[in-house]
Amino acid sequence: MAKQVVTTVCFVLFHLVISYWAFMSSCSLHSSTKPSIPTIARYFGTKGRYEDVNSWLIDDILAINKSLVTLPSSKCSEIHLTAIIRHGTRFPTTKNIQKMREFYDLVKLNATGDLTSLSEIKSQWKMWYSDEMDGRLVEKGREDHKHLAQRLIKWFPSLLNGENVHGKRVKLITSSKHRCVNSTIAFREGLMTGLKITAVELEPELNDALMRYFDQCERFVKEVENNKSALEEVKRFNEGPEMKRVMEKMADRLDVPYSSINDDSVEAAFYLCAYEFAILSVNSPWCQLFDEVDAQVMEYSNDLKQYWKRSYGHVINSKSSCILFHDLFHRLDQIVDQINSDVPVTEAVTVQVGHAETLIPLLTLLDLFKDDVPLNSTNFNTQQNRVFRSGRITPYAANLLVVLYRCPEGIRIGVRLNEKSLTLPGLSEPVPMYEDVKERYSSLLGGCDQETVCKMNSS
Ligand SMILES: *[C@@H]1O[C@H](CO)[C@@H](O)[C@H](O)[C@H]1NC(C)=O
Ligand SMILES: *[C@@H]1O[C@H](CO)[C@@H](O)[C@H](O)[C@H]1NC(C)=O
Ligand SMILES: *[C@@H]1O[C@H](CO)[C@@H](O)[C@H](O)[C@H]1NC(C)=O
Ligand SMILES: *[C@@H]1O[C@H](CO)[C@@H](O)[C@H](O)[C@H]1NC(C)=O
Ligand SMILES: *[C@@H]1O[C@H](CO)[C@@H](O)[C@H](O)[C@H]1NC(C)=O
């Protein structure tokens, strides 16, 4: 009898220890080891972390990886950098927080499935997101920009230095959205830390015409933004067989009727997994509600939306960025003129902070990440190896870096996305002559007039 009690007590203790150990190791907040990364993290799209795109940063967030960048010959020197950067990690928008709350209520009240993660959600998880968080920058988002600024100092020591900052040859321009303004301020803090400057006069300039051009392009707003049929392919995919399967699998896991799960519910569940990871570095129990195929379907749905709303789906999407395209080349031309006439360069570094919606149309205008076959509602299977993957292109703090070099043979230009070199489509060299790039984009340089392309009564 006594022996049996001892055995039972030992058994219970053993289980307590094991579950505590399991809980602690699944809960990165309390553990000193690195947080575990959800296996589906690479499918988070625009809700993904920058360091999961550049994985060496997981070990050292200030490391720069030169093996992914092509430089011109050592006889060249850097003369200018324009960096167009997406804001850092942010809270979900109010609309998405509401979807997340509804899904959480469904799980809490009605789910009876026997997944361990379900009981973990029910017993331990709290709905801690509230409506007023509405898209605001989180602490991690400030860190994203501080660290990026410090890495850019390492990349471009001859441009991002105290002398250029004090000489007002470094400019900060931002969208007026609070998450962008605060990202810009965090970037400036990173600069000051990295350069060991204490006081600096470096006020960000707000410019929505440039950084939120999509709001101001009437044709884009009417034909795409406010036009349901412009995203018809996304709707069809979300009502199609692949998404239907994801919803049914979700309903089975929760053990709720199929009718209580729609595309908003699976989207909310996916966001819960993605945001808990991006904001808190937690591999949350929400992530267990998806297997890899489900996550690929969710990724495709997000990519389809970006494709039709911001990219190749409609010509006006990329054309709406003409103003930013011209702003860039106008500045580069000015600097090249200054170099050629041997006067000091007035702008060493220009940092422009905006949105995924700022970057994607511009990259599209440059013909980057263009698949041979358009993404649509029926080709999920054949698009598995597509280049248009918003998670690779625009994670939080995504950045397009345009660098001018003065070389013995003339001016060269290097383009990097997320600190990795890109070869512009149609050009063979990774760091081509500036004149060749202007030739390549001559029809845009000669046209692509914002007023003309965005006016409704023009074609
Ligand atoms: C740089 O990136 C490459 C490719 O992702 C990777 O194999 C390599 O380990 C990285 N280098 C360092 C020093 O982290
Ligand atoms: C839970 O199920 C009941 C009965 O089917 C339904 O009326 C209710 O709306 C469900 N609750 C949620 C939060 O979906
Ligand atoms: C921006 O930063 C300021 C100062 O740190 C803070 O008071 C404010 O709440 C932040 N706003 C957002 C949107 O994060
Ligand atoms: C809405 O989009 C569809 C599909 O692209 C297009 O045919 C239609 O002309 C658009 N409607 C408006 C008002 O622009
Ligand atoms: C989608 O694209 C494929 C080519 O990959 C094409 O065969 C198919 O007809 C397209 N579907 C729709 C709905 O446009």
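For ligands, and for the atoms within them, numbers begin at 1 and follow the listed sequence. Keep in mind that what you see is a predicted model, and the values were worked out from it rather than measured.
- Using cut-offs of 30° and 60° for the angle between ring planes, the Tyr396 and His87 rings count as tilted.
- By the 3.5 Å distance cut-off applied to N or O atoms, Glu233 is not counted among the residues near ligand 5.
- Close contacts of ligand 4 with Asn227, meaning ligand atoms under 4.0 Å from a residue heavy atom, involve 1 (C), 2 (O), 3 (C), 8 (C), 10 (C), 11 (N), 12 (C), 14 (O).
- Taking atom 8 (C) of ligand 1 as the reference point, the nearest protein heavy-atom neighbour is Asn65 ND2, 3.8 Å.
- Checked for salt-bridge contact, Asp215 and Lys177 miss the test: no charged N lies under 4.0 Å from a carboxylate O.
- The nearest protein atom to atom 4 (C) of ligand 4, hydrogens excluded, is given as Ser229 O, 3.9 Å; this is a heavy-atom distance.
- Here Leu68 has side-chain heavy atoms under 4.0 Å from ligand 1, and that is the only part of it that gets that close.
- One finds a salt bridge joining Glu143 and Lys146 here, because a Lys/Arg side-chain nitrogen approaches an Asp/Glu carboxylate oxygen to under 4.0 Å.
- Gln306 is not listed as a side-chain neighbour of Arg389, based on a closest heavy-atom distance of 4.5 Å or more.
- From Glu225, atom CD reaches atom CG of Asn317 across 10.0 Å, with rounding to the nearest 0.5 Å.
- Relative ring orientation between Tyr129 and Tyr275 is described as perpendicular, the plane-to-plane angle rising above 60° on a 0-90° scale split at 30° and 60°.
- For residues 218-244, every residue pair satisfying the ring-ring contact (aromatic ring centres under 6.0 Å, His included) rule, not counting sequence neighbours, is listed here: Phe237-Tyr300.
- For ligand 5, the polar-atom distance check finds no N/O of Thr382 at less than 3.5 Å from any of the ligand's N/O atoms.
- Of all protein heavy atoms, the one lying nearest to atom 14 (O) of ligand 5 is Asn376 ND2, 3.4 Å.
- Listed by atom number, the atoms of ligand 5 under 4.0 Å from Thr378 heavy atoms are 1 (C), 8 (C), 10 (C), 11 (N), 12 (C), 13 (C).
- Within a 4.0 Å radius of atom 11 (N) of ligand 5, the protein contributes one or more non-hydrogen atoms.
- Residue contact check: Val373 has heavy atoms under 4.0 Å from atoms 4 (C), 5 (O) of ligand 5.
- Annotation for ligand 4: atoms under 4.0 Å from non-hydrogen atoms of His314 are 5 (O).
- Using cut-offs of 30° and 60° for the angle between ring planes, the Tyr312 and Tyr307 rings count as tilted.
- Among Leu400, Leu328, Thr184, Asp327, the one residue that satisfies the side-chain contact (heavy atoms from CB on, under 4.5 Å) test with Gln352 is Asp327.
- Residue Arg236 places a heavy atom less than 4.0 Å from ligand 5.
- Atom numbering of ligand 1 starts at 1 in the shown order; those under 4.0 Å from a heavy atom of Ser67 are 1 (C), 2 (O), 3 (C).
- Checking atom 2 (O) of ligand 5 against the protein gives a heavy-atom contact under 4.0 Å.
- Salt bridge annotation for Asp264-Lys99: present, with a cationic side-chain nitrogen under 4.0 angstrom from a carboxylate oxygen.
- Ranking the protein heavy atoms by distance from atom 13 (C) of ligand 4 puts Lys222 O, 4.3 Å first.
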